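To keep things clear, I will list the structure first and then write my remarks on it.
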Amino acid sequence: MSGDELRAAAARHRVQVMIGTALEEVVPSPAPVAAVIRRGKRVRIRRRAVVGAGLAAVAIAAVFGPGLVRDVRGSAPPSVVKQPQVTVSPVGRANRHGVIANGAINGRPWTIRLRKMGKDLCLGASGGPSMGCQRSRDFSPGEAPVTFEGAGGGDRYYLAGPVSARVSWVSVVLSDGAVLRLEPVRFGSLRWVGVMLPTRVGLAEVIAYSAGREIAHAIPFQGTHGAMPSIVGWLRPGQRGLARISKLVGSGVSAGRHWSVTMHAGPWGYCTIVRVAGRGASQGCWPSASVVGGVRMSSSGGPVAGSPLPWWSVGQVPRSVTYLTFVISDGHTVRVPAVPVGRERIYSLVLGAKGLRVLRWAAHDAAGHTISSGVGLPNG
Amino acid sequence: VAVSAQSDAEFTEFMLGCWPRLVRLGYALSGDRGFAEDLAQSALAKAYASWPRVARAGNPDAYVRQIIINVSRDRFRRRRVDELLTDSPPEIPGGECAGGLRGLEDRSVVLAALMSLPAGQRAALVLRYWLDLTETEAAAAMGCSVGNVKSQVSRALAKLRLNTDLAEGVLP
């Protein structure tokens with residue numbers, strides 16, 4: 001590819017990201033499948049009526065009799081609408097075998113279970129594509145009503161985790177309006193809930209109840225089509241959380257690939273999507289309540305799966321910070337803006353070459369004064 | 001009954017997968033959310049009416065997309081004045097562009113800029129850049145020549161470059 005072609009491709013990618021980011025904020029209402037099918041059947045009937053009328057006219061002309069006209073309404077196909085149907089069943093005695101949740105998707109059964117592996121707990125699921133097993137030494141309900149872990153593949157994914165002591169049950173509201181009730185099941189010293197969902201049906205809300213009263217709700221973030229929802233921030237009953245806003249906080253070319261970092265603030269908290277051209281996207285979230293003073297590393301990681309980029313980092317800084325400088329191990333200093341998103345400012349940094357690392361950082365105000373500085377990454 | 005149920009299930013799968021994208025396409029072309037959802041519903045209803053044939057052809061996405069493009073094009077032909085619709089007042093980006101970072105965009109600014117373009121230019125830009133169609137595919141979808149698509153895209157970009165709200169360096 002020539003230099004001109006590369007530049008043109010880069011420019012095209014920037015416009016694509018710009019338009020795509022803007023349009024992602026157009027959140028459609030749930031897909032009205034039943035209404036569309038009803039409307040489609042009416043279209044089909046009208047078409048048949050037109051064809052039927054044409055045939056009838058020919059027949060009438062031929063035999064001077066009306067008897068050949070079909071009753072097209074009578075020939076309409078039977079109405080069978082099959083939405084993805086998710087059910088959750090009581091676990092009952094299966095709990096003895098580590099089952100914490102079970103149910104079915106369109107009649108295909110699924111099970112989520114826990115196993116003890118030495119000192120670890122292993123969370124796994126069956127009834128979908130192979131999801132393997134997640135180990136964790138640190139399963140803990142913490143402060144959140146439910147601390148979800150999840151895994152997915154193919155056309156379904158599961159979410160499961162321990163609930164805090166005060167939670168008596170959890171409601172999961174799907175984007176098609178269906179509501180699933182999850183009853184906690186005890187395993188070891190904790191109580192657990194879990195559910196398996198089709199990737200095509202979004203997760204609209206999770207609500208935790210205590211003795212019949214809502215104690216908290218969470219709006220998940222589902223950034224890219226088919227991505228698992230992230231649930232990190234919980235809101236009090238009636239609390240609306242942050243207003244929804246999306247912003248491209250950085251983009252560029254590293255290691256020959258275009259990348260972009262988009263920040264999505266909303267009732268879920270803050271989520272970043274790091275996209276690398278041709279290599280997919282990586283999503284990271286944190287609750288808005290975690291932002292307290294000082295320069296704070298909120299999300300860092302990378303690379304995006306399969307990406308040639310060795311490292312990326314996104315962080316939150318106080319409103320007074322307008323830009324940060326990073327001294328990189330190859331001697332360069334990189335200056336990145338702190339972009340206002342919601343109530344915070346966000347910076348993003350992507351390093352293109354392997355082996356590079358950040359030696360020092362400094363946060364500056366609009367006048368260029370250093371507000372804070374440190375070695376390595378901020379809070380890293 | 002079994003065939004019909006299977007066909008409905010396939011259509012449902014298809015619709016759930018493409019619904020957000022189709023609504024966004026309708027919105028990008030029309031600038032009107034309500035109209036965009038109506039448009040997507042009508043296009044999908046037409047696809048449902050001929051579902052076995054549409055599914056057999058192998059590219060139901062393109063079929064529905066084409067209906068949306070046609071209907072919104074006809075709508076623009078009927079309308080003389082384009083509305084400028086934004087959800088919220090644009091926020092002024094306060095950051096700076098430096099180092100390896102190129103642009104700072106507020107979606108409302110981008111959407112407003114997009115909606116300020118004439119319908120033809122906006123359609124060409126959306127089809128070429130957002131849907132990533134080739135010039136030939138975009139021309140076929142818009143029912144015009146390849147040259148026309150090129151000039152519409154070029155004019156659209158030129159107009160966006162004049163928009164001072166869009167961060168410098170983002171546009172080619």
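In this text the structure is predicted, and so the values were computed from the model without any measurement. Letters A, B, ... are given to chains in the order of the sequence lines, protein chains preceding strands, and every chain is numbered from 1.
- Across every non-hydrogen atom of B/Tyr48 and A/Arg44, the tightest pair is O-NH2, 3.2 Å.
- Residues A/Gly40 and B/Ala49 come closest through the heavy atom pair O-CB, 3.5 Å.
- Listed by chain and residue number, nothing satisfies the ring-ring contact (aromatic ring centres under 6.0 Å, His included) test with B/Trp130 (two or more places apart in sequence, or in another chain).
- Contact between B/Asp8 and A/Lys41 at its shortest, heavy atoms only, is OD2-NZ, 4.1 Å.
- Not a single salt bridge (charged side-chain N to carboxylate O under 4.0 Å, His left out) links A/Asp365 to another residue, sequence neighbours left out.
- Among all heavy-atom pairs drawn from B/Met15 and A/Val36, the shortest one is CE-CG2, 3.5 Å.
- Both the backbone and the side chain of B/Gln41 come within contact range of chain A, with heavy atoms under 4.5 Å apart.
- For the pair B/Arg24 (side chain) and A/Leu23 (backbone), a donor-acceptor distance under 3.5 Å is present.
- In this structure, the portion of B/Leu114 lying under 4.5 Å from any heavy atom of chain A is its side chain and not its backbone.
- From B/Thr12, atom OG1 reaches atom CG of A/Asn106 across 9.5 Å, with rounding to the nearest 0.5 Å.
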